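Have a look at the structure below, then the notes.
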Amino acid sequence: MDATLTPARGDALPRGFFARPVLDVARDLLGRVLRHDGEQGPVAVRLTEVEAYAGEDDPGSHAFRGRTPRTAVMFGEAGHAYVYFSYGMHWCTNLVCGEEGSASAVLLRGGEVVEGLELARSRRARRDVDLARGPARLAQALGLARDQDGADVCAGGALQVHAGVPVPDDAVAWGPRVGVSGAGALPPWRAWVAGEPTVSPYRAAAPRRREPRRPPAR
DNA sequence: CCGGTGATGGACT
DNA sequence: GTCCATCACCGGA
């Protein structure tokens, strides 16, 4: 094989990569390339921002209240995608980690489109740097939705994580999680590549203001 | 640049 | 009925 034919992509990461402690996987996912070969064509994203969720003991995790039909994938084998629907219009993508049953996962929060730029552009967004900036836009750029929930990324299927270029420790930044109430009480489990423009802006989890219900106008 | 807020549907209590 | 692991758009400075 001529390795120079796909110099930047590398082999798909094996299941053993994901079947490790979630913080290790989160850190090591930075710089890797998530590729989805969908019906409309391939799009690949170099991951620049991720967030770790520890499972049933983690108040911020969907697994916190135990196994439900929606979260069943999280309780399964590492190396599968957990894709969930949020706010009535967005899809977000996680990769299940650790030992089976640990329900730990890494939320993919941001990346840089490195393949399929035209297709990603056609799926909306204004500036290229925003195409996969934020978990919902990342999923949208790649064309990930309900169909990919539970997909095995280690089985040679349409969704794979390629080796990419690992990021050295001194280029990895850590900070509080985004959009999770009580995130400050937890260790900083969000990791990103320092200085990358594709990292989503940090916003403190502002408690939703509760407005007293008023009767509908008119 | 910043903060406020509406859109919109499913999971869960 | 309430709560979202969000985003885009708007108006103000």
Side-chain angles (χ1 to χ4, degrees), chain A residues 22-23 25-27 29-30 34 45 47-75 80-98 102-111 113 120-150 174-192 197-218:
Chain A
V22 64
L23 279 177
V25 180
R27 184 241 166 282
L29 274 172
L30 295 174
L34 178 67
V45 161
L47 299 173
T48 58
E49 181 188 3
V50 297
E51 197 161 277
Y53 287 87
E56 279 190 285
D57 297 331
D58 181 348
S61 171
H62 288 177
F64 183 59
R65 296 183 199 286
R67 181 182 183 132
T68 68
R70 180 175 65 147
T71 60
V73 171
M74 296 185 81
F75 287 81
H80 290 249
Y82 166 52
V83 183
Y84 70 92
F85 187 58
S86 182
Y87 291 98
M89 59 190 97
H90 302 300
W91 295 91
C92 298
T93 307
N94 300 252
L95 297 174
V96 177
C97 300
S102 68
S104 60
V106 173
L107 172 68
L108 308 179
R109 289 201 55 89
V113 175
R121 282 173 179 154
S122 75
R123 289 170 169 156
R124 265 198 309 181
R126 357 186 67 64
R127 301 141 64 212
D128 285 350
V129 76
D130 289 329
L131 285 173
R133 186 176 186 233
R137 284 180 292 203
L138 185 148
Q140 182 172 33
L142 286 160
L144 301 177
R146 179 182 285 123
D147 285 354
Q148 284 72 42
D149 186 32
W174 293 89
R177 298 199 289 203
V178 176
V180 180
S181 54
L186 293 166
W189 280 342
R190 184 170 71 109
W192 65 92
T198 52
V199 172
S200 63
Y202 172 70
R203 296 181 301 277
R208 285 242 158 194
R209 210 185 60 165
R210 205 169 297 269
E211 191 87 18
R213 275 266 183 265
R214 285 193 300 176
R218 204 181 54 76

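A note on names: the letters A, B, ... follow the listed sequences, proteins ahead of strands, and every chain is numbered from 1. Fair warning: this is a prediction, and the values are worked out from it, not measured in the lab. Values reported hereafter were calculated over all heavy atoms of this structure, with side chains retained and with hydrogens, waters and symmetry mates removed.
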Which value, rounded to the nearest 0.5 Å, describes the distance between [X] atom [atom1] and [Y] atom [atom2]?
X	Y	atom1	atom2	result
A:Trp192	A:Arg27	CH2	CZ	14.0 Å
A:Cys97	A:Tyr53	SG	OH	13.0 Å
A:Leu138	A:Leu144	CG	CG	7.5 Å
A:Glu51	A:Arg109	CD	CZ	5.0 Å
A:His80	A:Asn94	NE2	CG	14.0 Å

Q: May I ask you to evaluate whether A:His62 reaches the phosphate of C:dA5, defined as a side-chain N or O under 4.0 Å from OP1 or OP2?
A: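 Indeed, a polar side-chain atom of A:His62 lies that close.
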
**Q.** N/O (side chain, A:Arg137) to phosphate O (OP1/OP2, C:dA8) under 4.0 Å
**A.**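 Looking at the OP1 and OP2 atoms of C:dA8, one of them is under 4.0 Å from a side-chain N or O of A:Arg137.
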
Q. Salt bridge between A:Arg127 and A:Asp130, side-chain N to carboxylate O under 4.0 Å?
A.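 The answer is yes: the pair qualifies as a salt bridge.
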
Please state how far atom [atom1] in [X] lies from atom [atom2] in [N], giving the value in whole angstrom units.
X	N	atom1	atom2	result
A:Glu49	C:dT6	CD	P	11 Å
A:Met89	B:dG9	CE	P	8 Å
A:Tyr82	C:dA5	OH	P	9 Å
A:Tyr84	C:dC3	OH	C1'	13 Å
A:Phe64	B:dT13	CZ	P	11 Å

Q | Face-to-face stacking of A:Tyr87 with B:dA7, centres under 5.5 angstrom, angle under 30° | A |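 No, aromatic ring not over the base.
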
Q) Among C:dC7, B:dA7, B:dC12, which is the nearest nucleotide to the side chain of A:Thr68? A) B:dC12

Q) What nucleotide, of C:dA5, B:dG9, B:dC12, holds the atom closest to the side chain of A:Phe85? A) B:dG9

Q | Pairwise 5' ranking along DNA chain B for A:Arg146 and A:His90, keeping only the more 5' one | A |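 On the 5' side of the pair lies A:His90.
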
Q) How does DNA chain B look in dot-bracket notation if pairs are Watson-Crick or G-U with both distances under 3.5 Å, crossing ones as [ ], other-strand ones as |? A) |||||||.||||.

Q. Taking the six-membered ring where the residue is Trp, are the ring centres of A:Tyr84 and A:His62 under 6.0 Å apart?
A. yes

